[in-house]
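Remarks on the structure that follows.
Only heavy atoms go into these numbers, but all of them, side chains included; no hydrogens, no water, no symmetry mates.
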Amino acid sequence: MRIWCCLCFGEEEDNKKGYKSMRDPILGNNGDESPDENSAFDWRNVFEGVNVAAVVSPQAGAVGDLGVPKNEEIDFDSNWTSSTVEVKNESYSGEKMLDVNLNLGLSGEASSSTVLKEDSDPFTCSKRPKVNSFSLDWDNHLLQETSYLCPMNEGGGDVSLSNLLGATDDEGKDSKMEDLDVRMDLTDDLLHMVFSFLDHIDLCRAASVCSQWRAASSHEDFWRYLNFENKQISSNQFEDMCRRYPNATTINLYGTPNIHPLAMKAVSSLRNLETLSLGRGQLGETFFQALTDCHVLRSLTINDATLGNGIQEIPISHDSLRLLQLVKCRVLRVSIRCPQLETLSLKRSSMPHAVLNCPLLHDLDIASCHKLSDAAIRSAATACPLLESLDMSNCSCVSDETLRDIAQTCGHLRVLDASYCPNISLESVRLVMLTVLKLHSCEGITSASMAAIAHSYMLEVLELDNCSLLTSVSLDLPRLQSIRLVHCRKFIDLNLHCGMLSSITVSNCPLLQRINITSSALKKLVLQKQESLTTIALQCPNLLEVDLTECESLTNSVCEVFSDGGGCPVLKSLVLDNCESLTLVAFCSTSLVSLSLGGCRALISLALRCPYLEQVSLDGCDHLEVASFCPVGLRSLNLGICPKMNMLHIEAPQMASLELKGCGVLSEASINCPLLTSFDASFCSQLKDDCLSATTSSCPLIESLVLMSCPSVGCDGLLSLQSLPNLTYLDLSYTFLVTLQPVYESCLQLKVLKLQACKYLTDTSLEPLYKENALPALCELDLSYGTLCQSAIEELLACCTHLSHVSLNGCINMHDLNWGFSGDQLSQIPSVSIPHVSSLGEQQLSNEQPKRLLENLNCVGCPNIKKVLIPMAQGFLLSSLNLSLSGNLKEVDIACYNLCVLNLSNCCSLESLQLECPRLSSLFLQSCNVDEESVEAAVSRCMMLETLDVRFCPKICPLNMTRLRVACPSLKRIFSSLVPS
């Protein structure tokens, strides 16, 4: 059996990159040590980065991933750097040796083919074969050889790449590599395409796979750009690379040690060199003299270097150079003669003199050249008549005279950055063709400078940040697109007539008072925190969004600007948050969609005629008294945050929800919302019957009506509810109602009725519910904190069997809850048919008919309840019972088949607890006086109980929770005190 293996180089590193481990292709994706004998080897693993491949010789005639006969087991050592791989056969004994050379031509051993050594024993076929392999530590040796290309190994050293990429003199390696029984026969074009995606490190690794890959990876197309940035490469190594790849076009030697000899070698030996990057070192004068011999050089970048000895003139002369960058360089004087040069950067270089002879220069960057004098800058710039871009920022010596000479000489100048030049004021400067002008922190720029800028009729970008003496800007520039005015401390007035203006940045100008903008391209305007801004005028036909947040001095006249006819015909979003000077706001706009007035605390009147308005925010407008929304496109409105509102008019054809909760002084309301379905007027104490009648008449689709704490609503208002055929939810809590007859007559479809704290209702007011079949659809009734007598409550629970949810919280007349009626009593209670129950329920209640539909009963805080007795027949559908805070409750006996939640928390007098609730899942006994034995007996009959709360129960020891779990095995959560009470 002969095996050829292509091993992954640097398994640990490749695993970090997401490559598969060496075991995966052999053992399967899950690392199972019993490979599927029917699985086929995937050749694509050879291409994934540098992955593992194991190929079986056709002569092996075997089945499986490694060509091992069936029934043979392969044991791989967990450490793949070990020297042996054992192949075991369960049915044979003995062993044979396979020596597999995995060096692949990387070491001094000449053999890369597979050598099979067999014992002379005639019974060799019955022995257990054993495979010996060389140690795989050659991977580290490979990384050392590529140290000056690999960022993971900075050690370097005098290492030649010939052992890795070059063809060895020993031709036996190549011939033996080709003698493999199974070869990966890929076309050179396919390999070339695949290798084009690899970087130099991966190419070096791929070169060690086979001779074909070595030849493909060393193709000069992959080695035209040699990047040695910050690498510890020696002169010999670099010379070897230049000799091996003479057609390289781009070299980066930034940060390499001793850059001068390396640079000299590059320009002398690489005749096709086009781009050269150097830095962090010293370059002698001979290098610049040798540049003339590098005829095709187009780009030279030198960063953070000393040119010459630092005290001599450096001449740079080249006939083909297009780009030259001398950034942060130290030199006394530089003379540049490059007739083809187009881009030159001397940024941050400390040179007092610079002589330029570059007639085709377009871009010149001398930013932060602090030692360049005004005359030197003038001489350098005027020597370039075709100059289009000039950056002289942070050149503090520049004067207006220099700018005038540049303007006269460089007629094609388009971009000028003169930021941080304190001596310029642009007096008599005419830059007619200028398109970009940056004047950050120019202390000499004043309002008089705008006259000079106005002559730049081609100007598109203007930046005036931190111009501390600038007080006003008035410009009429037809092509201006962007303007910046940030931190202009004395700036007061902005007047722009620029048809193409699309971006305005004005920030932190504390004295700005007036803004006048005319633009056809402006779509968004943000002027936040302009505390002194009082007047704004806009003629912007395409403006969509305006944000004037915290413009505290804006007056009511701003409303005219954003209304129809005010100059913003398509405005959709307006933000006026925290504009505290606004008192009377009125907008009439057919385009406005969103309006925010949050935090306008002085606002007392709001009038909106915006038919397409969909969003309005009035948070913090707590002094608003009069509001009119006629018409608006709002779908919902919440005015509960306006407690002083006394007059309201709403006409909203699309509104579905209206909240007036908390408008306690609202006395006049006209609401015309034909699609309104939810109306909450809680705590509107001044809302009267006539207002309610008008609202129900104009809003016939109301389904939910909340009139909590509306004491002015009487019988006439309730009778008007007959105009609401879809009303299903009615809340009359905390009102002074005496009778419910208007409700019975008007709300025939009512499902939920809340009567909390209606203390003036008579004891007979609920009798029509069960005697006259009033409100037949009613299923939820809330009588909490009422004063109904005990007999009225008992009759309601006994006879009103169609109710599913009843709340009697805080009812002082609620006494014992005893549903264990006698036979005579049961005969008087009407029966109710319910859906078919489960088989278990049929077995338990085969002869009994449930009498109630009640599912949820709340009796929280009822002080007079002492006993609760609910037999199975009477509470069959009951699923939730809350008796918490019933301080006098002593005895509880409940048998409810469907009960899921029982809350007896804080029933401090509870002594007896009997439960037969097979579906109970949660039981709360917090702070109850019941003993441990009663609880244990109760939970033992609750087979589905999951949650039990016995915190602060003085008679239950928190250390005995095991007994409760034994009694009720279904328990999942027990809440108990940490220490005994």
Side-chain angles (χ1 to χ4, degrees), residues 346-348 352 364-382 387 389-411 413-477 480 482-496 498 504-514:
L346 303 176
K347 189 173 184 178
R348 301 177 64 189
L364 176 59
D365 185 355
I366 54 175
S368 300
C369 292
H370 300 291
K371 292 187 177 182
L372 277 179
S373 64
D374 185 35
I377 295 174
R378 185 187 316 153
S379 174
T382 55
L387 199 62
S389 176
L390 175 59
D391 187 348
M392 57 172 61
S393 58
N394 277 293
C395 294
S396 57
C397 297
V398 178
S399 64
D400 285 337
E401 182 181 356
T402 296
L403 288 180
R404 284 193 293 269
D405 289 348
I406 293 175
Q408 294 174 2
T409 306
C410 305
L413 190 62
R414 298 286 192 275
V415 179
L416 175 62
D417 189 348
S419 301
Y420 301 95
C421 296
N423 296 326
I424 65 172
S425 63
L426 299 184
E427 182 180 355
S428 302
V429 177
R430 300 292 182 265
L431 297 166
V432 181
M433 302 302 293
L434 208 61
T435 59
V436 178
L437 178 58
K438 298 181 180 180
L439 298 171
H440 295 195
S441 300
C442 292
E443 298 177 0
I445 297 298
T446 63
S447 300
S449 304
M450 297 303 106
I453 296 177
H455 286 85
S456 302
Y457 66 94
M458 301 288 289
L459 196 63
E460 297 177 359
V461 177
L462 176 60
E463 298 183 3
L464 299 169
D465 295 358
N466 290 293
C467 293
S468 57
L469 298 181
L470 186 63
T471 58
S472 65
V473 172
S474 181
L475 295 173
D476 187 353
L477 297 172
L480 187 65
S482 175
I483 185 171
R484 282 180 57 90
L485 290 158
V486 179
H487 291 290
C488 297
R489 297 191 299 270
K490 296 185 178 181
F491 189 57
I492 297 176
D493 190 5
L494 176 62
N495 191 351
L496 298 175
C498 310
I504 299 178
T505 303
V506 178
S507 177
N508 296 104
C509 298
L511 299 182
L512 181 60
Q513 298 178 6
R514 296 177 296 276

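Distance check: Leu485 CG to Ile483 CD1 gives 4.5 Å after rounding to the nearest 0.5 Å. One finds the CD atom of Glu460 at 10.5 Å from the OG atom of Ser482 (value rounded to the nearest 0.5 Å). Of the inter-residue distances, the one linking Leu431 atom CG with Leu390 atom CG reads 10.0 Å to the nearest 0.5 angstrom. From His455, atom NE2 reaches atom OG of Ser428 across 10.0 Å, with rounding to the nearest 0.5 Å.
Smallest separation of non-hydrogen atoms from Arg414 and Leu434: O-CD1, 3.4 Å. When every heavy atom of Met450 is checked against every heavy atom of Leu464, the shortest pair comes out as CE-CD1, 4.2 Å. Between Ile424 and Ala418, the closest heavy-atom pair is CD1-CB, 3.6 Å. The two residues Ser449 and Gly444 make their nearest non-hydrogen contact at OG-O, 4.0 Å. Residues Cys421 and Met392 approach most closely at SG-O, 3.4 Å, considering heavy atoms.
Residues satisfying the side chain to side chain donor-acceptor pair (under 3.5 Å) test with Asp417, not counting sequence neighbours, are Ser419. Considering only residues two or more places apart in sequence or on other chains, Ser393 meets the side chain to side chain donor-acceptor pair (under 3.5 Å) condition with Asp391. Every residue meeting the side chain to side chain contact (heavy atoms under 4.5 Å, CB included) condition with Cys498, not counting sequence neighbours, appears here in chain and number order: Leu477, Leu480, Leu496, Leu501. For the side chain to side chain contact (heavy atoms under 4.5 Å, CB included) test, residues two or more places apart in sequence or in another chain that qualify with His487 are Asn466, Asn508. Partners of Cys509 by side chain to side chain contact (heavy atoms under 4.5 Å, CB included), not counting sequence neighbours, listed by chain and number: Cys488, Phe491, Val506, Leu512, Gln530. The salt bridge (Lys or Arg N to Asp or Glu O under 4.0 Å) test applied to Arg484 returns Asp465, not counting sequence neighbours. Taking the side chain to side chain contact (heavy atoms under 4.5 Å, CB included) definition, one finds that Asp493 meets it with Ser472, Arg514, sequence neighbours left out. Applying the side chain to side chain donor-acceptor pair (under 3.5 Å) criterion to Thr471, with sequence neighbours excluded, gives Ser447.
Counting only heavy atoms from C-beta outward, the side chains of Ile377 and Cys395 approach each other to under 4.5 Å. At a threshold of 4.5 Å between non-hydrogen side-chain atoms, the residues Leu413 and Met433 do not count as touching.
Residue-environment remark: CZ (Arg489) stays at or below the threshold of 12 foreign heavy atoms within 6.0 Å.
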Val432 vs Met458, side-chain contact (heavy atoms from CB on, under 4.5 Å): CA-CA, chis, key distance, verdict: CA-CA 7 Å; Val432 181; Met458 301 288 289; 5.7 Å; no

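The side-chain hydrogen bond (donor to acceptor under 3.5 Å, both in side chains) pairs that include a residue from residues 431-446 are His440-Glu463, where partners are two or more places apart or lie in different chains.
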Side-chain donor-acceptor pairs under 3.5 Å in residues 396-408, sequence neighbours left out?
unit_1	atom_1	unit_2	atom_2	d
Ser399	OG	Asp374	OD2	2.8
Asp400	OD1	Ser425	N	2.9
Asp400	OD1	Leu426	N	3.1
Asp400	OD2	Ser425	N	3.2
Asp400	OD2	Ser425	OG	2.7
Thr402	OG1	Asp374	OD1	2.4
Thr402	OG1	Asp374	OD2	3.1
Thr402	OG1	Arg378	NE	3.3
Thr402	OG1	Arg378	NH2	3.4
Arg404	NH1	Glu427	O	2.9

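Partner Leu387 forms a side-chain contact (heavy atoms from CB on, under 4.5 Å) with one of Thr409, Thr382, Leu416, Leu364 and no other, that one being Leu364.
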